[in-house]
Amino acid sequence: MIIRKTFKAETAHIVKEAYTTRCKKSLHGHSYIYELFLNSAYKDNAGMVTDFTFVKKYFNSLFDSFDHTSVLWTPNCDDIIPFFKEHFERVVVAPWNSTAETQSMFFLYICSKIIEYLNLNNLWENGEQYVQVDSVIVHETTTGYAKADYNLDLLAETQFFTPDLFKQTEFSEGIMNDWTPEFKQFWEWLQKTE
């Protein structure tokens, strides 16, 4: 059984090295829609894969971190990062370019680590079993998206998947202040693993 939870964010970025001049030379925004797909062959005590309220408790802070946020790629934005950190409350500094493809891999990787964290710490609350991340879709526009699939992308060595880079993603204090206590504990755990 596969369940889907959607999230949304209004995000600004510069896509250095992009094909179009507008994307690589101008800060611009998108109304992102993120789709998280979870699967399990087993039902919890209520007959679900897991409750959407539980999903929101652990996953919403991740996706919400990109709402009303500027995503800047280091080292290609090193000249403007100090300005953004000084003048804006919500800034993500990432050692990866914020394309839909890379974002989908970022979310897939972090979501899979959330599942690992829940399993290792016995944090499931209603008898969930063998829940896995199936895929993540990042809709950058109404006509285009990128999909990262757990079996095809996360388990294989690809140019999009670099866990160390994803762990080095820096969130501003304004973003972290909005995280749930559960997500804060997860993020601290993630920084100590691997």
Side-chain angles (χ1 to χ4, degrees), residues 1-9 11 32-67 92 94-96 98-140 144-171 175-176 178-194:
M1 175 64 61
I2 295 176
I3 62 170
R4 178 189 76 158
K5 177 69 175 150
T6 60
F7 305 88
K8 61 182 183 172
T11 308
Y32 285 97
I33 295 177
Y34 309 114
E35 295 181 82
L36 170 63
F37 296 86
L38 301 175
N39 70 49
S40 179
Y42 300 89
K43 59 185 178 181
D44 71 3
N45 296 333
M48 305 174 188
V49 170
T50 188
D51 194 283
F52 288 125
T53 302
F54 184 81
V55 172
K56 188 175 179 183
K57 181 163 64 168
Y58 280 95
F59 294 88
N60 188 64
S61 290
L62 172 62
F63 294 99
D64 185 62
S65 295
F66 290 80
D67 188 42
V92 172
W96 43 271
S98 66
T99 64
E101 292 86 348
T102 308
Q103 284 186 47
S104 65
M105 283 303 305
F106 171 79
F107 289 122
L108 181 74
Y109 173 73
I110 300 299
C111 290
S112 70
K113 297 309 265 183
I114 292 171
I115 296 290
E116 181 182 333
Y117 172 77
L118 293 170
N119 290 335
L120 288 172
N121 294 287
N122 298 312
L123 294 172
W124 296 104
E125 296 178 359
N126 201 29
E128 293 91 341
Q129 299 178 59
Y130 305 105
V131 177
Q132 296 178 326
V133 178
D134 184 79
S135 58
V136 174
I137 297 176
V138 173
H139 296 263
E140 186 172 86
Y145 69 80
K147 178 182 179 186
D149 180 89
Y150 186 83
N151 290 323
L152 295 177
D153 295 315
L154 193 57
L155 296 179
E157 292 293 325
T158 73
Q159 63 178 334
F160 296 108
F161 180 62
T162 19
D164 289 340
L165 291 182
F166 291 160
K167 284 178 59 176
Q168 294 168 21
T169 303
E170 177 186 338
F171 295 96
I175 292 171
M176 293 188 295
D178 290 340
W179 287 353
T180 63
E182 294 84 3
F183 188 78
K184 284 180 184 177
Q185 290 173 347
F186 157 74
W187 194 256
E188 289 171 9
W189 170 83
L190 181 63
Q191 300 311 305
K192 296 174 187 172
T193 61
E194 297 176 1

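This structure is a prediction, so every number in the text was calculated from the model and none was measured. For the numbers below, each heavy atom of this structure counts, side chains included, while hydrogens, waters and symmetry mates do not.
Summarising the local packing, OH of Y117 is surrounded by more than 12 heavy atoms from other residues, nucleotides or ligands at distances under 6.0 Å. Within a 6.0 Å radius of NZ in K184, more than 12 heavy atoms belonging to other residues, nucleotides or ligands are found.
Close placement of the Y32 and Y34 rings is indicated, their centers lying within 6.0 Å of each other. Ring pair F107/F66: centre-to-centre distance below 6.0 Å.
Partner of T50 under the side chain to side chain donor-acceptor pair (under 3.5 Å) criterion, out of Q129, E128, K5: E128 alone.
With sequence neighbours excluded, no residue forms a side chain to side chain donor-acceptor pair (under 3.5 Å) with Y58. For K57, the salt bridge (charged side-chain N to carboxylate O under 4.0 Å, His left out) partners are E125, not counting sequence neighbours.
Closest non-hydrogen pair, W179 versus S61, comes out as CA-OG, 3.5 Å. Here the shortest heavy-atom pairing between A148 and M105 reads CB-SD, 3.6 Å.
Sequence neighbours left out, the pairs with a member in residues 35-55 that pass salt bridge (Lys or Arg N to Asp or Glu O under 4.0 Å) are R4-E35.
Looking at T193, its side chain does come within 3.5 Å of a backbone N or O of L190 through a donor-acceptor pair. Here the side chain of S104 pairs a donor or acceptor atom with the backbone of A100 at under 3.5 angstrom.
Relative orientation of the F171 and F106 rings is tilted, given thresholds of 30° and 60° on the angle between their planes. A tilted orientation is assigned to the rings of W189 and F186, their planes being inclined by 30° to 60°.
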